[in-house]
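Scroll down for the structure; my scribbles are underneath it.
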Amino acid sequence: MALPQPTLIEFDHVHLAFGEQTVLEDVSFAVRRSETKVLLGETGAGKSVVLKLAIGLLRPDAGRVEVLGETVSRLPETELYALRRRIGIVFQESALFDSLTVRENVAYRLEEERRLSEDEIEARVRACLAAVELEEAIDKMPAELSGGMQRRVSIARALSTEPEILLYDSPTGGLDPITATNIMEQIIRLRDVNKVTALLVTHRLQDGFLMATHCWDPEANALRASIAENHATSFLVLHQHRAIFDGQLQTLRANPDPYLQHFLQT
Ligand SMILES: Nc1ncnc2c1ncn2[C@@H]1O[C@H](COP(=O)(O)OP(=O)(O)OP(=O)(O)O)[C@@H](O)[C@H]1O
Ligand SMILES: [Mg+2]
């Protein structure tokens, strides 16, 4: 039997409040290597806050956050910088720099770090754009791109430092259904071809379901329905400050909890 993959992200009894307002109460979960955890919850449930805790932009009031073997919740700011280098983030809005070309946007962190030569940066930028099938847009400005293309550039930018973990904050938010599905295809491809470990925040249940029921077929170069549920994907549902569900899709669908059933039907 294959050994279980190591845990790359772990929240252990995390509490967080802003003044009087509790946002997270006793939230625990783990994400293993090559797994995608889909984070579901209503607006204001604390999904973006979970991502901010994972990169140490916020610190919990109690509990522990471990990422890539480091205790983020206790790490000094200087060491957080090195850790964040190993994590790619796709922000809630694409958050591209309007005055920079696609190439410059994707190269941004690499230029800042000065670890690679210009030729190496060019090769890396092209590889990241190829991973989201957008190489031809390399010389364009963000304003010349559609919303879906901008989102793909922001995924390419998150990939630029070859991160061990990707954090996606509502990557399909504000997109039409066809473009949203196209973005999900790219994300599934990264999961199945590049074995990316990810936390994916989404409002769209169908995004999570697509991830759990489909896989990338490299021969057909397209998505196909999985025969069995894809176990590289699991779900965490936040409600009233707590993680009320953590597990596979099949268990989620079968869960009798009235809130979950209502949530699944809306
Ligand atoms: N820096 C902050 N200071 C004070 N309150 C904050 C801060 N960041 C988040 N909050 C509050 O924490 C709660 C959770 O916010 P969060 O951004 O995580 O929601 P979300 O689940 O991502 O929502 P959405 O789906 O709308 O993006 C909200 O009530 C928000 O107002
Ligand atoms: Mg959010």
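What you see is a predicted model; the values in this text were computed from it and never measured. One-based numbering, in listed order, for ligands and for the atoms of each.
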Protein heavy atom at shortest distance from [atom]:
{"atom": "atom 25 (O) of ligand 1", "result": "Lys47 NZ, 2.7 Å"}
{"atom": "atom 17 (O) of ligand 1", "result": "Ser48 CB, 3.6 Å"}
{"atom": "atom 10 (N) of ligand 1", "result": "Phe18 CE1, 3.3 Å"}
{"atom": "atom 27 (O) of ligand 1", "result": "Gln92 NE2, 2.8 Å"}

Per-atom contacts of ligand 1 with [X], taking only distances under 4.0 Å to non-hydrogen atoms:
{"X": "His203", "result": "25 (O)"}
{"X": "Val23", "result": "12 (O), 13 (C), 14 (C)"}
{"X": "Glu42", "result": "21 (O)"}
{"X": "Gln21", "result": "28 (C), 29 (O)"}

Is it true that Gly44 lies under 4.0 Å from ligand 1, counting heavy atoms only?
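True for this residue.
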Check if Lys52 has a non-hydrogen atom at a distance under 4.0 Å from any atom of ligand 1.
no
Got an N, O or S from Ser48 under 2.8 Å of the Mg ion (ligand 2)?
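Checking Ser48: at least one N, O or S atom is under 2.8 Å.
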Short N-O contact, [X] and [Y], less than 4.0 angstrom:
{"X": "Glu120", "Y": "Arg115", "answer": "no"}
{"X": "Lys37", "Y": "Glu10", "answer": "no"}
{"X": "Glu122", "Y": "Arg103", "answer": "yes"}

Look at the aromatic rings of Phe209 and Phe235 and report parallel, tilted or perpendicular, splitting at 30° and 60°.
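Correct class here is perpendicular.
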Does one side chain, of Arg151 or Thr179, offer a donor that lies under 3.5 Å from an acceptor on the other?
no
If we count only N and O atoms by modelled type, under 3.5 Å, do the side chains of Thr251 and Gln248 hold a donor and an acceptor together?
no
Using distance alone, decide if ligand 1 has a nitrogen or oxygen within less than 3.5 Å of any nitrogen or oxygen in Ala45.
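N/O-N/O distance under 3.5 Å: yes.
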Is it the case that ligand 1 has an N or O less than 3.5 angstrom from some N or O of Val49?
yes
Any side-chain heavy atom of Pro142 sitting closer than 4.5 Å to one from Asn105?
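Heavy-atom side-chain distance check passes, below 4.5 Å.
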Are Ile9 and Val90 co-members of a hydrophobic cluster defined by side-chain heavy atoms under 4.5 Å apart?
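No, Val90 does not connect to Ile9 through the hydrophobic network.
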Is the NZ or CZ atom of Arg157 both under 6.0 Å from the centre of the six-membered ring of Phe91 and within 45° of that ring's axis?
no
Classify the contact between Thr43 and ligand 1 as side chain, backbone, both or neither, using a heavy-atom distance cut-off of under 4.0 Å.
both
